[in-house]
Structure formats: C-alpha cells, structure tokens
Amino acid sequence: MREVAITRSPHAYVPKQYLTEEEQDALYRTRIDDTYRPYTVIDVLTKVYHRSFEDDLSSHIGIHPEDFLEMPDGWKMSRAWVNECRIMRVESLFFQPLSDFQVDILVRTVCKMELVRTGNTQRISRKTFNSDVRLRYSFDLRPCELTCHYCGVIVHEQESLLSLNPGMLRTDKYLLPYIPEEAYPKLAKWIRERYELVGKDGIADAKKLAAGLGLTVRHGHFPENGVMGEIYFNHSQAAIIDEATGEITEGNIDPCTIVMNAAACTTEGMYNSTLFHECVHHIFARIYFLLQRTHGRKLCSYLCKRQGKNANSEAKLSPLDIMEIQANKLPGFIQIDGESAKCTAEEYLAAYGNRSAESMKRLIRDMAERYGATQQATRTRLRDMGYTEVIGIYQTANGRTVPAYLSDLGNGQTYTISHEAALKEYVRNAEFGRALDSGKYIYCEGHFCLNVAKYIQADHQGNTHLSAYARENMAECCLVFEEKYEHILMQLVNGVLRKSGARKKEIKYVRRDGSSPITSEGMAFRKMIAAEYQDTAMFKPTFNDMIVKLMDSRGVSIGWLAENTGLSDETIKNMRNDPDRHFAIESIVAVCIALHLPPETSACLIDGSPAKFMNSVEMSAYRYVLNFCYPQEVKTVNRFLVEAGFRPLSRAVEGYGEDGVRLEA
C-alpha cells in the first residue's frame, strides 16, 4: 500500500532565531564524507513527497472523465484505472518564483474506463485510450518551506508550461537551466542592465553584481591547491581571514556567501572573473541545490578550482559539468560585451598595423587589461567574436607555455599536444603511429611539424624551434589534433561538492581534409634510412665501443650517467665492458635519453646491442619517447610513462621516490 502523499519536506530549514544554542551549533557542523548522487525532480516527488503519478492521474480522470473521453448520450463513467503510466520527461521553466516553482511531468498513459447505461446498470461498456498528458506540481523551494502541491493534469499541450512560455529558459530534471549558445549574450546583457553593472568606463563591476544578488563576500584561507573561491548554499564553517589583521579564524558561514581566495586571485582580472563565476553559480545553480536539500542532501558549498578549458564532450553531461560550463562561459560575456568590444579590438589591431601572432598575443593582453578580465577569458571571447587567430595564443604543453602561433582551426581542434597525450595516441592510433614513423615529423614546441628547414630552425645551443614562417602558417606543416574532455569527478566531502583538480583531456589525431598525411615520398625516405643502416651494419663498432665513445664525446662519467638514468654504476660499467651481457631495452633507451641522442644515433646504438624492441604496446611507448622525448631528462620521461600507465625506463621518476610513492600532493 502506497504511503499517503505529503506536502512538506522533513528537511525544511528552521529559522535560527527559533533554535537553541546546541541546535545552532549542530546547524553549522561540518558533514561527514558521503557518496554523492544528485536527485532529480522525480526522486523528490516520489521519495520525499510520496506522490504516485498513477494515483494522481486516476484521481483526475475520476473527477474529469470528459477531458479524456467524450461520453455517449445516456452513458456515464462507472470507474477508471490506469494500466500504464510511463514517465517521458520533466518540463519546467527556470525563471520562476521560489514560492511557486511549477513543474510538468510528461507521461505516456494507457487508461481504461468502464461505462454504464443510465438507468440500466446491466449494460456495461469498456473503453481503452492512450494519451500523453502532463501532471503539474508546484514547489515552494524556500528553505524554510520546502513544500509541494499537486496542481492537476494538463491535457492539452498548448497549456503546458513550455508552450505558454516559448521564449523562457527551460530546465532539466535537476532544475538546472538549458542555456543554448545564442542565449549567452542575451543573458549577459540582461544581467548587466538589471544590476547596472557597467559604469562610464565600460567596465562591469563584479562586486556590484554580488551586492545586487544579496551575496556576502569574504576572504578565506584554502589548503587546496588551485582553489579560486567557494560559494555557500547552506550553513557551514570556513577559515576566514580578518582583512584588518590578517588573522585566520574558523568561522560560521551562512548561505549566500562567497569566500574568495585572495592569495590565488593574484590579478584584478582573476579576482573579477572568479567573483563573476561564483555569482553565476548563485544565479543558475541555487535552485539545483535547493532541490537537493529538499531530499535531505545538505550540500554546504561548491568549491571552484582553476580550469584551463571548458568541457567539450559529446557524452552526456553531469549536473556538475553543466554548472561549471555555464559559470565558466557566462562571465566572459558579462565582462566583454560583443558589440563594443569588437570595436575596441579593431582599434587595437589598426594601431598594431598587422594581425601576426605577436599582435594577437598583444591584443589579448590589452583587451584583458581594458575590461578587467583574465587573458584566458579574453582569448575565449575574442575567438567567439570571430578572431580565430587567437586559438594559438597562450597554449600550453608539457607544463610550459607554447610560443604564440596563428591558428585557422575550428573549436575543439589544435596543433598543440603534450608528450603524455601524444604517447597515448601513438600507442593506440596506428595511423598516427605511421605518420610519426614516416620520419617526416619532428616534435617541436608542443607540435609535430614537418622536419624541413623552412619550418624548423636551431638556435646556438642546438635546440630546435619553429620558424617565424611556420608559426604564421601552421596549416602547411603541423599535424592536427582534436581535444575532448572527460567528465568532472564529483565527490561530497564534508558537505562541500567538489570537482577534481583537473579534468582529463583526451586528444586524438585527425586529418584536416580526410586524406592520409603519409606520402609515398615520406615512406621512401624511411626505407632509405633503414637501407643505409643495414648496408653499414657490418662496419659498425660493437655496442660496448659505442657506449664508451658516446660517453667520451659528451664528457660524462659512469657516476653521472648512472645518476641521470636511474641505473646502477655496475650496469653502466657492464655496458662499457661486458660484450656477453644482455641489457633490457628500457635501460638502453634510458641511456639514449640521458645522453640526448638524436633518433638516428639511438637507432644505431640499439641496432648494435643485444636488446631489441618487441611488438607490444609498451614497446611502442618506449619507441615514442626514444624518438620524440630525447631532449628531456630521463626522470621527466619516466613520469610521462608512469602517468600514461606504462612502466618507467628506470627507477628515476620525477615526483616519485625510489619506492614508487608519489612525493607531491
């Protein structure tokens, strides 16, 4: 037997003035760790308010049978029942009052009515009818209320919430808004105008928005790396900094409070963007958190960490993904208005005199300073405004900023790839492997570029760089990759909804025009090199002789090579002196990288050794680092391998102890 439907959630908030001191202390108590699964509108209706959609529908049919079936003359309904009631979707509008937040549940039904002839109860007729109807419920989402009322059945689609309000933002089953791409500029304009954010200088004031939303802004201390700020939707506690004395104290935090990490927001642009980010969370995620509270999930806050990119995935987005995408994207539109900003950008470019990579880098810097935004947000807005050349500015690979280059690629594509991502793609993508094995490409400044003098130049130390021409004409010489981001990992820790420190990025090799980059010329070049190695093999010195000569030519000792490879002194001595000893291919690769041997020299050394590459995934990874990571240190290369899921070449791994335990937080 179903539980009787109730109207008030048992988790409604009791005002503080009615609580004892002990109850108030409990109110601010930090929650314990918990496994987090977000609740939907359906969860709340059925598990909190004990609504039965079949019973609600049957009740309406019993009172208003004419909504579903036209009664023949002389007949009336005796009884009705619902054979099937399948939930199709939740429909609602975002901008509704908290006290009357209406939701339609679209259900596909199969119902039956039993009709009797008036005055002749012996004559019975049964009718079956199928119908799509909406069950409407009204929530009072105010924390001190948290009630729900059944409003009835909406039979005609034109009376649904969506049909009556076609221009309003819709919500999903978590009551998060759907924001289409074209809506961001409109929402930004609405926020700017409603809260009068823009002064005569054209700069949007983040503090004014926070005040207009009724938010309290405080500064706090965060032990987590990369945390920019935290917004609270419930009572909690936090380490707060006294702005007058600088003292850090643990204090109570009320809902609608933003705690900023002033230590992490080191520039005006970072501070403004973070504050706008938290304000957007309040505007668009508050209803979601209130829905979770209705089910008893007392989420205190949402902790925001610095992210370099927005999510870009074809897979289904989680609620946390949606919240973060919206809060990352909308502040840029609020700070940098498209129409006026484009005029400003054109004025800057006219003053620069050209649209080179350096000019685009300067444009980002000047626009960010002009509008009080971060350079990353400014770069994104300029790209949205049609300045696609900025895609190649402020890219990073292997923990370093890549020199600026002009890009002609669309969203989600890049010329830049890290060693770790390239290593994974080399192992799993045979076509990418063939492209690199062709011998035509060199890894340089985070790109795989044709190894041609026109595009590649060496400095006085022998380090390779892209030429100025290459950076202005990347389409001629560099391979193209597609970027995708996996979902954020969610965790409820002490009442704080946290996202992982960084989302995992997946990069795949793609062909610009659908054709293979492998040419017959490139394959002929590869075969020629292989043939030359074979022809000269009989004249090569022994493996031991080559090790000795290579060490002598670079002026390194046995101890130095042992330390820089992670191998033992005894192993290095045996490589120099013992012609009968077999060495693991990993050890030889480590020596090649420690000595920074170019691929051709490494190939000669390995060809003369007793060790050979086997046909396996792991060996493919070792071939990759041998050919493309030789300018790096062995410990850095080993870290690439470990974090890509492969065994390191030796025990020397950057950031890890000799026992394999990670040293970093």
Q: Would you mind telling me which of N252, D254, N234 makes a side-chain hydrogen bond (donor to acceptor under 3.5 Å, both in side chains) with Y28?
A: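 The passing option is D254.
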Lys/Arg N to Asp/Glu carboxylate O, [X] vs [Y], below 4.0 Å:
X: R471; Y: E445; result: yes
X: R362; Y: D366; result: yes
X: D205; Y: K207; result: no
X: E389; Y: R383; result: no
X: E346; Y: K342; result: no
X: E181; Y: K329; result: yes
X: K424; Y: E420; result: yes

Indicate yes or no for a side-chain donor-acceptor contact from [X] to the backbone of [Y] under 3.5 Å, with no hydrogens or angles considered.
X: S9; Y: T294; value: yes
X: N272; Y: G372; value: yes
X: Q292; Y: Y39; value: yes
X: R381; Y: I336; value: yes
X: E145; Y: L141; value: no
X: D172; Y: L176; value: yes
X: H50; Y: I6; value: no
X: R170; Y: P177; value: no
X: T257; Y: I253; value: no
X: T414; Y: T416; value: yes

**Q.** Nearest-0.5 Å distance, CE of residue M228 to OG1 of residue T374
**A.**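 Output value for this atom pair is 8.5 Å.
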Q. How many angstroms lie between atom OG1 of T378 and atom CD of Q375, to the nearest 0.5 angstrom?
A.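 Between T378 OG1 and Q375 CD, I get 7.0 Å after rounding to 0.5 Å.
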Q: Output, in order, the C-alpha distance, side-chain angles, deciding distance and verdict of salt bridge (charged side-chain N to carboxylate O under 4.0 Å, His left out) for E182 and K186.
A: CA-CA 8 Å; E182 62 275 11; K186 298 176 184 177; over 6 Å; no
Donor-acceptor side-chain pairing of [X] and [Y] below 3.5 angstrom:
X: Q376; Y: Y394; result: no
X: Q102; Y: S92; result: no
X: T636; Y: E654; result: yes
X: Y150; Y: S138; result: no

Q: Indicate the atoms forming the closest heavy-atom contact of E250 with Q237, along with that distance.
A: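 Nearest heavy atoms, E250 then Q237: OE2-CB, 3.6 Å.
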**Q.** Least distance between heavy atoms, H419 atom then N398 atom
**A.**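 Heavy atoms only, the tightest pair is N-OD1, 2.8 Å.
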(Q) In this structure, is the centre-to-centre distance between the rings of H149 and F139 below 6.0 Å? (A)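 Judged by ring-centre distance (under 6.0 Å), F139 and H149 do not meet the cut-off.
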Q.
Contact between L349 and R355 at the side-chain level, heavy atoms closer than 4.5 Å - yes or no?
A.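 SC-SC contact between L349 and R355 confirmed.
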Mutual orientation of the aromatic rings belonging to [X] and [Y] [parallel < 30°, tilted 30-60°, perpendicular > 60°]:
X: Y348; Y: Y352; result: parallel
X: F333; Y: Y184; result: parallel
X: Y405; Y: H447; result: perpendicular

